[in-house]
Amino acid sequence: MSQEAPQQNPRPRVATYLRTHLRTIVATAATLAVLVPLAVMWWGSRMPGSYSVMDMGYVDLGGGPDTMGLADRSGHDMSGMPGMVSVADLVADPGRPADVTVDLTASQGTVTLASGRTVEGYMFNGTSPGPLIEATEGDLVEVRVHNDDVEDGISVHWHGVDVPNAEDGVAGVTQDAIGAGEDHVYRFVVDDPGTYWYHSHQVSHTQVLRGLYGPLVVHPRGRPSAVDVMAVTHTYAGTRTLNGDEGVVTFGASPGAVARVRVVNTDNGAVQAWSSAPYRVLAVDGREVNEPTAVEGKRVSVPAGGRYDLEVTAPARIQIGSTALVVGDDDPGRAPQPRDELDMLSYGSPTALPFDASAPDRTFRYSIGRRPGFLDGKPGFWWSINGHLWPDIPMYVVDEGDVVVFEIENHSGEVHPMHLHGHHAVVLSRDGEEATGSPWWVDSLDVDDGETLRVAFVADNPGIWMDHCHNLKHAAQGLVAHLMYSNVTEPYRAGDDTGNTPE
């Protein structure tokens with residue numbers, strides 16, 4: 001009878017194996033500890049081919065009530081619920097005839113600037129800048145847009161004009177992009193006199209940079225205007241221009257004539273402007289300054305997307321970056337750039353606001369930073385909002401009639417010109433310093449690195465509105481959020497499969 005072999009204890013073999021392969025095991029575990037979270041982050045950052053901006057990120061109620069139960073839903077789309085209004089229905093009076101009718105045709109190809117230089121880009125009606133659109137306070141403006149051959153499609157955003165939401169011109173949010181060969185009609189009433197501009201909001205970081213924009217002016221009704229001068233600044237292929245021209249541009253005016261110079265900054269960064277003679281800042285972003293005083297020895301910094309109306313007496317030379325506008329027949333010559341910047345927080349005289357900003361219904365935080373991560377599956381160093389990367393960003397929710405305060409904080413290392421669609425906000429304070437001058441109303445506002453600004457407005461224009469950096473390259477890199485009215489929904493979709501790419 002045979003005897004069974006004695007059983008061996010497996011533990012020494014296991015211990016030997018662990019000792020032999022310990023480094024490999026530790027390295028593999030460490031690699032998985034890094035790769036698994038990265039894979040989860042990568043997967044979570046990827047966007048579907050078609051999505052609603054209402055389903056992005058998380059609900060931020062700003063301390064106000066959740067009147068529609070948004071916080072209890074996985075997405076924010078409330079289609080089909082009682083009391084909901086579609087973006088597509090938020091239009092101007094459809095039965096009213098237009099007071100001003102404009103035809104715009106967008107095309108791409110060789111752009112001949114006013115200076116005679118040619119660049120490859122985009123045009124409205126064969127020119128860049130596109131034609132000046134003029135209207136009078138209270139007019140209903142109808143713009144018929146045709147896309148001749150812009151392959152990516154286009155849309156037209158009326159920058160600074162608080163239009164009804166359906167007319168805001170943001171592809172994938174308020175409309176579908178206008179494809180090559182297609183048409184679209186915009187209708188809106190211009191209630192606020194001022195200086196504005198229009199530009200594409202489809203692949204805007206490319207189309208605006210390469211020329212798809214133009215100026216828009218709303219004149220006051222029943223008030224005589226001074227000599228009116230456009231000064232639209234834009235950089236083509238590294239060269240700054242003024243109204244499409246380069247260098248010094250002359251506008252003829254008699255000595256002593258008072259001129260309103262409308263400076264429009266269509267670039268991605270601020271432009272500095274100053275005058276050889278005393279000047280006044282009459283308006284900012286289409287809103288009049290209360291009791292403006294003469295400015296000497298100071299410059300104004302016009303943010304990307306912003307507009308400053310400056311009053312000068314001829315002859316005067318206004319330097320706008322590396323270009324200049326001479327008002328009058330004689331050029332006084334270039335004055336050196338002043339060291340000091342005019343602070344609009346204390347300029348002009350205070351007057352009462354039309355609402356009480358001391359007790360807002362909602363207070364939101366918009367903290368701009370920068371951190372590594374994934375943006376739609378791409379690794380990089382991206383802009384963040386409240387510590388989150390796009391698309392995991394806040395959806396700021398308001399009810400119509402709310403008094404809203406935004407605290408905009410920037411710790412990203414760069415300046416950001418922030419632009420809220422559909423509303424004008426008043427600047428309350430900077431780094432705790434309260435405003436002491438005229439109410440400083442803006443739709444485009446530079447927030448410097450290390451700075452905190454408090455702004456306020458009344459939520460009086462229902463819709464879904466972009467709130468983004470107007471350095472459009474930054475917007476394309478994730479510095480975009482939205483302001484959403486609680487009872488508004490939208491039928492449009494963005495994403496690669498839809499043809500709608502607003503940034």
Is it true that the side chains of [X] and [Y] contain a donor and an acceptor less than 3.5 Å apart?
{"X": "S301", "Y": "Q272", "value": "yes"}
{"X": "H157", "Y": "D168", "value": "yes"}
{"X": "T127", "Y": "N125", "value": "no"}
{"X": "E503", "Y": "S204", "value": "yes"}
{"X": "D285", "Y": "H424", "value": "no"}
{"X": "H468", "Y": "H474", "value": "no"}
{"X": "N461", "Y": "N165", "value": "no"}
{"X": "T110", "Y": "E120", "value": "yes"}
{"X": "T101", "Y": "R144", "value": "no"}

Are side-chain heavy atoms of [X] and [Y] found at a separation under 4.5 Å?
{"X": "H411", "Y": "S367", "answer": "yes"}
{"X": "E182", "Y": "N147", "answer": "no"}
{"X": "Y347", "Y": "V295", "answer": "yes"}
{"X": "N500", "Y": "D176", "answer": "yes"}
{"X": "T323", "Y": "V249", "answer": "no"}
{"X": "H421", "Y": "V170", "answer": "yes"}
{"X": "V281", "Y": "P292", "answer": "no"}

Quick check: does any side chain N or O of [X] sit under 3.5 Å from a backbone N or O of [Y], one acting as donor and the other as acceptor?
{"X": "D448", "Y": "E451", "value": "no"}
{"X": "N265", "Y": "V302", "value": "yes"}
{"X": "R307", "Y": "T195", "value": "yes"}
{"X": "R299", "Y": "P338", "value": "yes"}
{"X": "Q108", "Y": "Q207", "value": "no"}
{"X": "N410", "Y": "S412", "value": "yes"}
{"X": "T174", "Y": "E167", "value": "no"}
{"X": "Q202", "Y": "T501", "value": "yes"}
{"X": "S128", "Y": "G211", "value": "yes"}
{"X": "T266", "Y": "T233", "value": "yes"}

task = Take T105 and D103, measure what side chain to side chain contact (heavy atoms under 4.5 Å, CB included) needs, and give me the verdict at the end.
result = CA-CA 7 Å; T105 296; D103 291 296; 5.9 Å; no

What pairs with [X] under side chain to side chain contact (heavy atoms under 4.5 Å, CB included), at least two apart in sequence or on another chain?
{"X": "F251", "answer": "V227, V229, L325"}
{"X": "N268", "answer": "N471, L472, K473"}
{"X": "T351", "answer": "N290, P439"}
{"X": "A425", "answer": "V455, F457"}

task = For the residue pair H159 and H419, categorise the inter-ring angle as parallel (less than 30°), tilted (30 to 60°) or perpendicular (more than 60°).
result =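 It falls in the parallel class, under 30°.
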
ask   = In terms of ring plane angle, is the pair H416 and W383 parallel, tilted or perpendicular, where the classes change at 30° and 60°?
value = perpendicular

Can you measure from [atom1] ([X]) to [atom2] ([Y]) and round to the nearest 0.5 angstrom?
{"X": "M418", "Y": "L445", "atom1": "CE", "atom2": "CG", "answer": "9.0 Å"}
{"X": "D402", "Y": "Y485", "atom1": "CG", "atom2": "OH", "answer": "8.5 Å"}
{"X": "E134", "Y": "M230", "atom1": "CD", "atom2": "CE", "answer": "8.5 Å"}
{"X": "L104", "Y": "D148", "atom1": "CG", "atom2": "CG", "answer": "13.0 Å"}
{"X": "H234", "Y": "T239", "atom1": "NE2", "atom2": "OG1", "answer": "11.0 Å"}
{"X": "Y198", "Y": "S155", "atom1": "OH", "atom2": "OG", "answer": "14.0 Å"}

Counterpart residues, salt bridge (charged side-chain N to carboxylate O under 4.0 Å, His left out), relative to [X] (two or more places apart):
{"X": "R334", "answer": "none"}
{"X": "E400", "answer": "none"}
{"X": "D343", "answer": "R430"}
{"X": "D467", "answer": "none"}

request  = Write out all pairs satisfying salt bridge (Lys or Arg N to Asp or Glu O under 4.0 Å) with one or both partners inside residues 308-320, taking only residues at least two apart or from two chains.
outcome  =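 Found R260-D309, R262-D309, R280-E311, R317-D331.
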
Sequence neighbours excluded, every pair satisfying salt bridge (Lys or Arg N to Asp or Glu O under 4.0 Å) that has a member inside residues 197-208 = none

query = W197 and L216: side chain to side chain contact (heavy atoms under 4.5 Å, CB included), yes or no, with the steps?
reply = CA-CA 5 Å; W197 62 298; L216 188 157; 5.6 Å; no

query = What pairs of residues pass the ring-ring contact (aromatic ring centres under 6.0 Å, His included) test when at least one of them lies in residues 348-370, not counting sequence neighbours?
reply = F364-Y396, F364-F406, Y366-Y396

message = Run the side chain to side chain contact (heavy atoms under 4.5 Å, CB included) test on V53 and V480 for me, step by step, so that the C-alpha distance in whole Å, both residues' side-chain angles and the decisive distance to 0.1 Å come before the verdict.
response = CA-CA 11 Å; V53 298; V480 177; over 6 Å; no

inquiry  = Closer than 4.0 angstrom, basic N to acidic O: yes or no for E407 and R365?
reply    = no

inquiry  = Does this structure show an ion pair linking R187 with D93, if we count only N-O contacts that are shorter than 4.0 Å?
reply    =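 Looking at D93 together with R187, the answer is no, because their closest N to O distance does not fall below 4.0 Å.
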
inquiry  = Within a 6.0 Å radius of atom CZ on R339, are there more than 12 heavy atoms belonging to other residues, nucleotides or ligands?
reply    =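 Check fails, neighbour count at 12 or below.
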
ask   = What pairs with F188 under ring pair (Phe, Tyr, Trp, His ring centres under 6.0 Å), at least two apart in sequence or on another chain?
value = W158

query = What's the verdict on side chain to side chain contact (heavy atoms under 4.5 Å, CB included) for F124 and L212, showing C-alpha distance, side-chain angles and the deciding distance?
reply = CA-CA 6 Å; F124 278 120; L212 206 53; 3.6 Å; yes

task = Only one of H423, H482, H201 passes ring pair (Phe, Tyr, Trp, His ring centres under 6.0 Å) with W465; say which it is.
result =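 Passing option: H423.
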
